[in-house]
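Here is the structure we will look at.
Just so we're on the same page: letters track the sequence lines, and every chain starts at 1.
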Amino acid sequence: MKKKINIENYEAYLLDLSEGNISDADRAELMLFLNEHPEIDWDTDDLPIIEDKPSELNEVSKADLFRNEESGLSQKDHLLISSIEKTLDPSETEELSKLLEADPELLKDLAAYQKTILPTIEVSFERKDELIKKEGRVIYFWASAASIAAAILALFLFNLPNEKYNPRTKGFVESTMADSKVGFSFEVEDDVNDQKEKKIIRVEPVEAEMDQLAEEKAPKTEEVELEKPQPIPPIEENAPQLAEVNVKKEGKVEEPEASPVEEESITVPDLAEKNSEPKAEAPKDTKPNKVYTPIEFAKKVVKEDVLNNKSLPKALMDEVADLTNDKVKLEKEKDSPQFALNIGKLKINKK
Amino acid sequence: MNTKEYNTIVRSYSDNVYRFILKNIRDEEKAQDIVQDAFEKMWKKVEEIPFEKAKSYLFTTAYRTMIDLTRREKKQGSWEEITEPTTRATQDHIDLSEILQNALGKLSEVQRSVVMLRDYEGYDYKEIGEICKLTESQVKVYIFRARKQLKEYLVSVETVI
């Protein structure tokens, strides 16, 4: 540490000393300095105060000279800072009390240290809403909406097979994906009664292949018997049909064979029981062998939004946006039954 | 941690972590990007992070992103040095908070961070050490020396006033 008193300024301190106007710490340092510089001729007659003072340094001066081994600061500062940091141990507390008693001026230092504690400043992060993720959901819907959602789901599952496209989707099951003829599976996570529930959703081939494969597979596997889907309420009069589905992706037009996802042609048994560890804390009200068709799944994912008074198109768009992490826009031509669902670069036209 | 818990963390701590970064780098846009980035990283590991550790994870990630960014920008020479605080002695009223903000600007990056984590977030030395990759005793030394510097700055400003 650089010394405060040096050959340039010691006379000023000598003057203060002679006037009795010097602090204990400065006097101690001045004495040390004069001891180190015997060549300096100073007159002790000018220093009556020294004789009046005790021959030893007081506690405060010592505390200002000692260095704390932990922080490297003077013991006095260390104690004062420890006090505001609330890290004083009992012996330090006692030591500080003695110092404050010996020199009440230290309270000013303590107050100054107290001011170094940063006051709380309220700062608001404006983009908070962008960070919020959609939470879990469950249940029914009516046929047209469910069909659209199921079709969209299926389309995306076929077109984006290896992408982790949905925060709830944990990825496809690779072994099943390897054989495209037997459909595919994907794992979803849903919040049921505030508990995470993982499900392996299996989507099997559509249309003609379905019956054949079902027959082939039925005796060989122990697949859980499908639970009959919930009865679907009547379709809205003006509900869009799924007969024509054109998919445009990056300029390339594709005609997916599975465009109209028929409820009867797809079975989606829940393989969670087979493919994952048994869950110790499974919610009581969940059915362990619950079977989901894509339509049922679609119902589950849009239900909460509809219950929250969202319109059907809005709920669907939000769900698809969530699924794909892409922008979704629904356009309807004037005086025409055609409408287009734009999902990022993908466009789906429907009547 | 599930989605609901993640959202709770967003609601509870996005302001705090933003304040921490903003007061460090004094650039709103960069601070927002760092916070966004930290939450993105947390979301990617949402299942691995226990809810009770999420706040610490968030601050750790944001802090390290900030350090990486500032180092990279310093190397590229585009880092805008924090402007030297001006002691406006002629001003009749100088807000203590403003003086402290200026004083903070005089501290080193690590000193500033540990003091802010201590005062704004109420972290103990161990937790700060985990965030800043320091030992508990290093944190203590940084904080004590920072307080000493802050106090000297405050006293000097008051003296000038």
Side-chain angles (χ1 to χ4, degrees), chain A residues 1 67-87 108-137 164 166-168 170 187 189-198 322 325, chain B residues 1-11 13-23 28 31-33 35-36 38-40 42-44 46-47 95-97 99-101 103-104 112 115-116 118-120 124-125 137 140-155 158:
Chain A
M1 187 186 120
R67 293 277 154 182
N68 183 276
E69 289 177 12
E70 195 178 12
S71 65
L73 299 175
S74 75
Q75 182 65 4
K76 183 190 81 178
D77 285 323
H78 183 89
L79 291 171
L80 291 171
I81 296 170
S82 296
S83 172
I84 64 155
E85 282 284 313
K86 297 184 172 59
T87 56
K108 285 182 185 172
D109 285 336
L110 189 61
Y113 274 122
Q114 198 69 43
K115 287 180 184 172
T116 67
I117 294 175
L118 307 178
T120 304
I121 298 171
E122 295 297 330
V123 174
S124 180
F125 182 59
E126 292 168 1
R127 283 150 63 178
K128 198 182 296 180
D129 290 345
E130 295 172 27
L131 299 172
I132 299 287
K133 307 285 183 188
K134 293 192 79 176
E135 294 170 19
R137 53 219 71 216
K164 188 176 182 182
N166 180 348
R168 289 186 298 273
K170 305 305 161 195
E187 187 181 326
E189 185 175 273
D190 224 332
D191 286 348
V192 178
N193 295 339
D194 290 338
Q195 292 191 38
K196 284 197 291 190
E197 183 182 322
K198 287 182 181 177
D322 197 354
N325 279 335
Chain B
M1 186 164 62
N2 58 28
T3 307
K4 193 175 181 181
E5 289 169 333
Y6 168 85
N7 286 339
T8 303
I9 295 294
V10 173
R11 291 187 190 98
Y13 300 124
S14 58
D15 289 343
N16 300 45
V17 76
Y18 177 58
R19 175 179 61 190
F20 170 58
I21 300 297
L22 179 64
K23 293 296 171 189
E28 285 184 22
Q32 287 187 358
D33 288 343
V35 173
Q36 194 103 18
F39 273 102
E40 285 297 324
M42 188 166 82
W43 176 247
K44 282 178 185 168
V46 69
E47 289 194 341
D95 180 45
L96 174 65
S97 172
I99 296 170
L100 266 176
Q101 291 305 314
L104 275 175
R112 191 163 53 241
V115 169
M116 287 199 287
R118 178 77 173 156
D119 291 351
Y120 289 150
D124 62 28
Y125 299 150
S137 56
K140 188 171 181 180
V141 171
Y142 274 123
I143 288 178
F144 273 52
R145 292 185 182 178
R147 296 255 185 247
K148 170 91 173 155
Q149 262 183 265
L150 291 173
K151 180 240 182 188
E152 283 172 358
Y153 185 89
L154 290 179
V155 169
E158 282 175 357

- Note on the structure: Cut-off 4.5 Å, heavy atoms of chain A, and the answer for B/Gln101 is side chain
- Query: What distance do B/Leu22 atom CG and B/Asp15 atom CG have between them, rounded to the nearest 0.5 Å?
  - Reply: 11.5 Å
- Query: Given that the side chain runs from C-beta out, which part of A/Asp109 has a heavy atom under 4.5 Å from chain B: side chain, backbone, both or neither?
  - Reply: both
- Item | B/Arg19 NZ/CZ over B/Tyr120 ring centroid, <6.0 Å and within 45° of normal | yes
- Query: Is it the backbone or the side chain of B/Val115 that comes under 4.5 Å from a heavy atom of chain A, or both, or neither?
  - Reply: both
- Query: Sub-3.5 Å donor-acceptor pair from the side chain of A/Arg67 to the main-chain atoms of A/Gln75, do we have one?
  - Reply: no
- Query: Step by step, would you call B/Met116 with A/Leu118 a side chain to side chain contact (heavy atoms under 4.5 Å, CB included)?
  - Reply: CA-CA 7 Å; B/Met116 287 199 287; A/Leu118 307 178; 3.7 Å; yes
- Query: With no hydrogens and no angle check, do the side chains of B/Tyr18 and B/Gln36 hold a donor and an acceptor under 3.5 Å apart?
  - Reply: no
- Turns out that what part of B/Phe144 lies under 4.5 Å from chain A's heavy atoms comes down to both
- Item | A/Ser82 side-chain N/O to A/His78 backbone N/O, donor-acceptor pair under 3.5 Å | yes
- A/Leu80 versus chain B, the contacting section by heavy-atom distance below 4.5 Å: neither
- Message: Heavy-atom cut-off 4.5 Å, strictly under: side chain, backbone, both or neither for B/Lys140 against chain A?
- Response: side chain
- Message: Would you say NZ of A/Lys115 has more than 12 non-hydrogen atoms from neighbouring residues, nucleotides or ligands within 6.0 angstrom?
- Response: no
- So which part of B/Tyr125 gets closer than 4.5 Å to some heavy atom of chain A, the side chain, the backbone, both or neither? side chain
- Message: Please classify the contact between B/Ile143 and chain A as side chain, backbone, both or neither, with a heavy-atom cut-off of under 4.5 Å.
- Response: side chain
- Under 4.5 Å from any heavy atom of chain B - which part of A/Leu73: side chain
- B/Asp124 versus chain A, the contacting section by heavy-atom distance below 4.5 Å: neither
